[in-house]
2 protein chains.
Amino acid sequence: MSERRARADAEGGSTAAPSKSQRAYELLHDRIVDGTYSPGYRLVLDAIGRELDMSVVPVREAIRRLEAEGLVTFERNIGARVAEIDELQYHDTMETLSFVEGAAVSLAAGLYSKRDVDEARAINERMRASLAAFDPVQFTSLNEAFHRRLTDVSPNAVIGDVIDTCWKRLARLRQSTFSFVPNRALASVDEHEAILGLIEDGADPRRIELAVRAHRLATPDAYLQRIHPSDH
Amino acid sequence: MSERRARADAEGGSTAAPSKSQRAYELLHDRIVDGTYSPGYRLVLDAIGRELDMSVVPVREAIRRLEAEGLVTFERNIGARVAEIDELQYHDTMETLSFVEGAAVSLAAGLYSKRDVDEARAINERMRASLAAFDPVQFTSLNEAFHRRLTDVSPNAVIGDVIDTCWKRLARLRQSTFSFVPNRALASVDEHEAILGLIEDGADPRRIELAVRAHRLATPDAYLQRIHPSDH
DNA sequence: CATGCGGGCATCGTATACGATCTCAGATCC
DNA sequence: GGATCTGAGATCGTATACGATGCCCGCATG
């Protein structure tokens, strides 16, 4: 839990030097999430320790933490590698996200300020633009920003952590998903707008929840087409 | 993630000796969950290492893992203690559980066998009995068993992990919650039966989801009365 | 040529050691 | 008397060292 908090602490301490294991964690985390290390990549303790100019002990801790988050797999006497994400895991994660995002947004339903909605809408318009410019990378990144903008308003920190975890796992995969389905992307933008409309109208939270959930569930196809290019 | 799997692996390896860090993890985990170590308890690395006849290194790893699960808080240069659980965290966890249990059961809706329902019902009847015998400890334990029996049928492993995590956090608290509200407990048993009825009737998954969610959300009061005995 | 068997090498798992940091009690100063 | 300083003890953080384990490759054998 508390990834956001943990990182905030580490940086918030300003003057206090972050521990080495924290540095190792952040480096590895970022490289996994941004795709520098792809799924299956072998994480050798010694090598990482040498690169970061530290011994294996803090590196091990960092890797154990990443393991707990599901970003790496670790086998006794064998070693660690970046976790693979198969179709089933991908699907389960997406499905989970559909439920918990729906939950978060429905909990936040009465709490959105005009500013929240305006900012989300601005992001969505930038998505539309990046779609027109056929910039899938930016589109994908804005998409996450849009969703986070909505779910971050939820006051439930535990749900927030679950959402974080899901995004992290998907990020690794999204990395290799530059090609996407324009039609679906366009539909996403419209669905986003519809969701914002529901929020502005003060619609029933449950209805908003279902809209968010349905939107999320409609998305996987775009990715799965990429994962199994032969299947179309 | 994959707590259940991790533990299963460790034990499934039968002949292979589990690593020391694994042993440390299991011991600490169990003691935290079963309440031997209550919230706030200070976990001193050296002491634990001596008790388990190992050095601090594997103990540190175990504690970091527990930290990632939210069972332990860890401050640099200060040390680790069993995580406190305040009213807000408790509420957020309960609320999250209400959503994800609803999700799991609705996903499992079409998959329950007669045996699944029968076993769940048997557990529920034992709950009724333990209520009559005024045995809150057993009641609480059966309650978790009942809920798990329903959610375990869900095919989504990610949601399963989220549910696991929630239960673990609540377990620490439940420990100190021997007194409960009999009326609410009785209502729980009836709600359980109603949920089983919906499942048997092949009701709309969404309706089942809402029933599960509402049932879960009704429960906190019983605990909160205990946490703030002065508030009634 | 296929297959089974060492043996060396890479890597992991953990113990030990020691400097760094925090806590807390007691002394000192206003 | 209360506040601040200081030093000792406790505990943490990490480096280093070394035994344990698994993997891979070459060699012998059928």
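Order of the sequence lines sets the chain letters (A, B, ...), proteins ahead of strands, with each chain counted from 1. Keep in mind that this is a model prediction, so the values were computed, not measured.
Spacing between atom CD1 of B:Ile48 and atom P of D:dC12 amounts to 8 Å, rounded to whole angstrom units. Separating the CD atom of B:Gln22 from the P atom of C:dG13 is a distance of 12 Å, rounded to the nearest angstrom. To the nearest angstrom, C1' of D:dA15 lies 11 Å from CG of A:Asp53. Protein atom CZ of B:Arg50 is 11 Å distant from nucleotide atom P of D:dC12, rounded to whole Å. Note: CD1 (A:Ile63) to C1' (C:dC12) measures 11 Å, nearest angstrom. In this structure, A:Glu75 atom CD and C:dC12 atom P are separated by 12 Å, rounded to whole Å. Taking atom CD of B:Glu61 as the reference point, atom P of D:dC12 lies 16 Å away to the nearest angstrom.
Only at 4.0 angstrom or more do the heavy atoms of residues 37-46 of chain A sit from any atom of DNA chain D, so none qualifies.
Nearest heavy atom pair, residue B:Ala104 against residue B:Ile159, reads CB-CG2, 3.9 Å. Closest approach of A:Val72 and A:Ile63 over heavy atoms only: CG2-O, 3.6 Å. A:Leu142 and A:Ile123 make their closest contact through O-CG2, 3.5 Å (heavy atoms, listed as atom of the first residue, atom of the second, distance).
Ring pair B:His192/B:His147 is perpendicular by interplanar angle, where above 60° counts as perpendicular and below 30° as parallel. In this pair, B:His29 and B:Tyr25 present their aromatic rings tilted. The plane angle is within the 30 to 60° band.
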Could you go step by step and tell me if B:Glu101 and B:Arg213 meet the side-chain contact (heavy atoms from CB on, under 4.5 Å) rule? CA-CA 7 Å; B:Glu101 277 196 340; B:Arg213 187 188 298 178; over 6 Å; no
Kindly determine whether A:Phe74 and A:Arg60 satisfy side-chain contact (heavy atoms from CB on, under 4.5 Å), including the steps that lead there. CA-CA 10 Å; A:Phe74 199 94; A:Arg60 278 183 67 87; 4.2 Å; yes
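For B:Tyr112, there are no ring pair (Phe, Tyr, Trp, His ring centres under 6.0 Å) partners two or more places apart in sequence or in a different chain.
Contact check for A:Gln22 versus A:Arg65: side-chain heavy atoms found under the 4.5 Å cut-off.
When distances are taken from the side chain of B:Ser19 to each of C:dT14, C:dA15, D:dA15, the shortest belongs to C:dT14.
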Polar pairs (N or O, both sides) under 3.5 Å between protein and nucleotides 17-22 of chain D?
residue	atom	partner	partner atom	Å
D:dT21	O3'	A:Asn77	ND2	3.3

